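Notes follow once the structure below has been shown.
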Amino acid sequence: MDLSALTRFLGDSPLRVFLKLLVVSFLVGLVMHAFGWTPMDIFDGIRQFFLDLWNLGFHAVDRFLGYILLGAAIVVPVFVLLRVASYRK
């Protein structure tokens, strides 16, 4: 069966895809109305999520580097002492 380029792109016949999109749009609209959400609320929430993630990420990197430096203050001198001690053998 030879599928047209539009049918291959959409994954189904255009009418069926239109009906599926219509049903899903209705259900999403119903849920959004029930919660009192608008499309701008969704976009603002997504934007705020990424801003919080960005800010949290740099705080996490700062803490991570602090832990590395704290551990390195003990590990590096011990490593050097062990290397010096094993070099004498």
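From a predicted model like this one, the values you see are computed outputs, not experimental measurements.
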Distance (rounded to the nearest 0.5 Å) between [X] [atom1] and [Y] [atom2]:
| X | Y | atom1 | atom2 | result |
| --- | --- | --- | --- | --- |
| L6 | D12 | CG | CG | 11.0 Å |
| L51 | N55 | CG | CG | 6.5 Å |
| L22 | L27 | CG | CG | 10.0 Å |

Subject >> With T7 via side-chain hydrogen bond (donor to acceptor under 3.5 Å, both in side chains) - residues at least two apart >> reply: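 Expected list: S4.
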**OP:** For S25, enumerate each residue passing the side-chain hydrogen bond (donor to acceptor under 3.5 Å, both in side chains) test, keeping only those at least two apart in sequence or located in another chain.
**Re:**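 Partners of S25 under the side-chain hydrogen bond (donor to acceptor under 3.5 Å, both in side chains) test: none.
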**OP:** Sequence neighbours left out, what passes side chain to side chain contact (heavy atoms under 4.5 Å, CB included) with L56? Give chain and number order.
**Re:**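 Partners of L56 under the side chain to side chain contact (heavy atoms under 4.5 Å, CB included) test: none.
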Original post:
Listed by chain and number, what are the side chain to side chain contact (heavy atoms under 4.5 Å, CB included) partners of F49, not counting sequence neighbours?
Top reply: L53
Original post:
With a cut-off of 6.0 Å (strictly less than), are more than 12 heavy atoms of other residues, nucleotides or ligands near CG of L69?
Top reply: yes
If hydrophobic clusters are built by linking Ile, Leu, Val, Met, Phe, Trp and Tyr wherever their side-chain heavy atoms come under 4.5 Å apart, do [X] and [Y] end up in the same one?
| X | Y | result |
| --- | --- | --- |
| M40 | M32 | no |
| L21 | V28 | no |
| I68 | I74 | no |

Original post:
Can you pull the ring pair (Phe, Tyr, Trp, His ring centres under 6.0 Å) pairs that have at least one residue in residues 23-45, sequence neighbours excluded?
Top reply: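 Sorted pair list: F35-W37.
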Original post:
For the ring pair W54 and F58, is the centre-to-centre distance below 6.0 Å?
Top reply: yes
**OP:** For D44, check salt bridge (Lys or Arg N to Asp or Glu O under 4.0 Å) against everything at least two apart and list the hits.
**Re:**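 Here no residue qualifies.
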